[in-house]
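When a ligand or atom number is given, it counts from 1 through the structure's own listing order. Positions are given from 1 along the sequence.
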Amino acid sequence: MSNHILIEKRINAFNKKIFVSSDKSISIRTILLASQAVGISRISNLLESEDVLNSLKTIKKLGIQYKKSGNTYIIEGFGLNGFNTQKKITVNAGNSGTLARLILGLLVKSKKRVKLIGDKSLSKRDFSRVIIPLRKFGVNIRSKKNLLPIQILGSEFLRPIKYNENIGSAQVKSCMILAALNTPGISVFNTKASRNHTELMLKSLKYPIKIEKKRDNDLIEIRGLSQFKGFNYSVPGDISSASFFIVLTLLSKKSEIVIKNVNVNNSRVGIIKILNKMGANIKLKRKKIYKGEKIANIHVKSKENLKAINCHPKLNSSAIDEFLIIFLVAAKSKGISKFKELGEMNKKESKRLNLGVKFLRSIGIKVDRFKNNINIHGNPNLILSKNFEMKNFLKDHRIFFLSCITALTLGGKWKITDKDSINTSFPNFLEILKKIGAQIH
Ligand code: S3P
């Protein structure tokens, strides 16, 4: 079966209410924490994408049973380190950096050696960022050049650590928090701001974790070996998936959208702050708090005359997965937009900063690049009419989504390969686009 799509027409004006797929970061965390809880957890609206299904397969391989009943996954945990591995096993994180980094944190006490592998993209990504702190806890880890495959053997003699996390990576922070759960004593992490779903979930479970907000970082203190009970969780929508529909609406004519029940945790809403600074008028309505997480409906209307932004790097971590689609808005805005210190983008499923720059240039936008800083020379009159073919992007789902939104808002005749990449995070992306009126073949 062919694995590409064709888009040859811009989308017509629309006015819709939609739900996007459930949050990937939260889905993976609920599964991993349920695997450490005492008793039954019930998780509804779990994202059923490959990264999340690989998380379920992983805990199953480690001896934790689950089943699905209606819209709810039921997971039975046996408490901290309740994994039951009879022999040396291999777990496959597929495309998921989050699963791979976080599961290592839960294997710090594993009695049997576990081998962690992943797909081609994940096998190119650097794991030194988690290997270094995990070794400080006393874990035995083997890997060539800090790449997958990684062999991990737990220890009975773990010690709590103090660690400065200065990348601003939620995966590193969460890996350390999960390792600290299984370690006696109090571990202390000084962390640069990043998404805080792991901390909020543990707080909602009344786990002994303290978070002190400093000016630019969080001081996290966590006491190990405290058990928590099974829990219920209903996963909200994913702002990273919503971001493509936000920009689709913004750059289309006379259109409106309401994206319902989306997680708008402050550590995730960089895209809304950035686009509103560029002149958009994105509103959050029906706000509520659920287990410490902020949730709202996102209201967006089309907007002409968007203006360039000089984006403060402080916003980077809260928009880290959304920069590709933000670049598209910059391409259509008046003036020169400046983005700085975006090296982390090149550490994702593909080298997204490099590919983003290449993509913008291929649609005729001037981009200056100085290491990890870029200037995008916007062109509000940009309309495309040529043929475009998107291929060789390491099947990065977010590059696929970006290409679709570009085709639907700027025009041109597009052939976009690796349609299957959407299964990583947003399997019904094309279905929703079609419902809004997109013509996709
Ligand atoms: C994620 C953290 C981010 C993000 C990724 C999901 C998470 O990665 O890019 O898609 O769920 O913790 P880093 O922690 O590497 O910044």
Side-chain angles (χ1 to χ4, degrees), residues 21-33 46-47 49-52 54-55 93-106 118 121-122 124-133 146 163 165-179 189 191-202 217-218 220 235-236 238-244 263 265 267-271 293 313-326 341-353 355-356 372 394 396-399 401-402 421-422 424-426:
S21 59
S22 295
D23 192 279
K24 178 151 74 86
S25 295
I26 294 181
S27 293
I28 295 173
R29 283 159 172 79
T30 56
I31 293 169
L32 297 183
L33 284 178
L46 192 75
L47 170 66
S49 78
E50 274 168 8
D51 283 7
V52 180
N54 281 329
S55 307
N95 188 249
S96 176
T98 304
L99 169 60
R101 269 88 182 234
L102 270 58
I103 196 66
L104 288 172
L106 287 184
S121 148
L122 192 60
K124 290 182 197 263
R125 295 174 73 179
D126 172 54
F127 277 73
S128 64
R129 53 182 59 199
V130 286
I131 290 176
I132 294 167
N146 294 312
Y163 198 78
E165 195 290 308
N166 49 23
I167 306 172
S169 161
Q171 293 177 356
V172 175
K173 173 173 68 176
S174 301
C175 168
M176 295 193 303
I177 290 176
L178 296 182
F189 310 124
T191 62
K192 195 169 156 190
S194 62
R195 65 190 69 189
N196 62 350
H197 308 303
T198 311
E199 299 92 296
L200 291 181
M201 249 179 237
L202 284 169
N217 53 349
D218 286 342
I220 301 177
V235 184
D238 195 326
I239 190 159
S240 298
S241 297
S243 69
F244 298 100
N263 182 289
N265 176 321
S267 64
R268 298 287 300 277
V269 291
I271 178 160
E293 295 281 356
K314 259 195 183 169
L315 290 168
N316 287 1
S317 88
S318 63
I320 193 64
D321 291 339
E322 286 70 68
F323 275 107
L324 288 172
I325 197 73
I326 292 171
E341 299 172 27
L342 282 176
E344 272 300 298
M345 280 183 76
N346 272 344
K347 308 260 166 84
K348 301 294 174 192
E349 287 87 325
S350 68
K351 293 197 168 188
R352 284 188 187 150
L353 184 59
L355 286 176
N372 296 323
L394 258 179
D396 185 334
H397 51 138
R398 301 206 194 277
I399 304 246
F401 302 139
L402 165 72
S421 63
I422 68 174
T424 299
S425 66
F426 195 176

Is there side-chain contact between [X] and [Y], with at least one heavy-atom pair below 4.5 Å?
X    : Y    : answer
N95  : E50  : no
R352 : L342 : no
F426 : K24  : no
P236 : E293 : no
L324 : I399 : yes
K347 : I167 : no

Nearest candidate to atom 15 (O) of ligand 1, where distance is taken over non-hydrogen atoms, out of K348, K347, M345, E165:
K348
Out of R125, R29, H197, whose heavy atom is nearest to atom 12 (O) of ligand 1?
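It is R29 that holds the nearest heavy atom.
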For atom 6 (C) of ligand 1, what's the nearest protein heavy atom and its distance?
T98 OG1, 3.3 Å
Residue [X] vicinity, atoms of ligand 1 by number, heavy atom under 4.0 Å:
X    : answer
S25  : 6 (C), 7 (C), 11 (O)
Q171 : 1 (C), 2 (C), 5 (C), 6 (C), 7 (C), 8 (O), 12 (O), 13 (P), 14 (O), 15 (O)
D321 : 4 (C), 5 (C), 9 (O), 10 (O)
I320 : 9 (O)

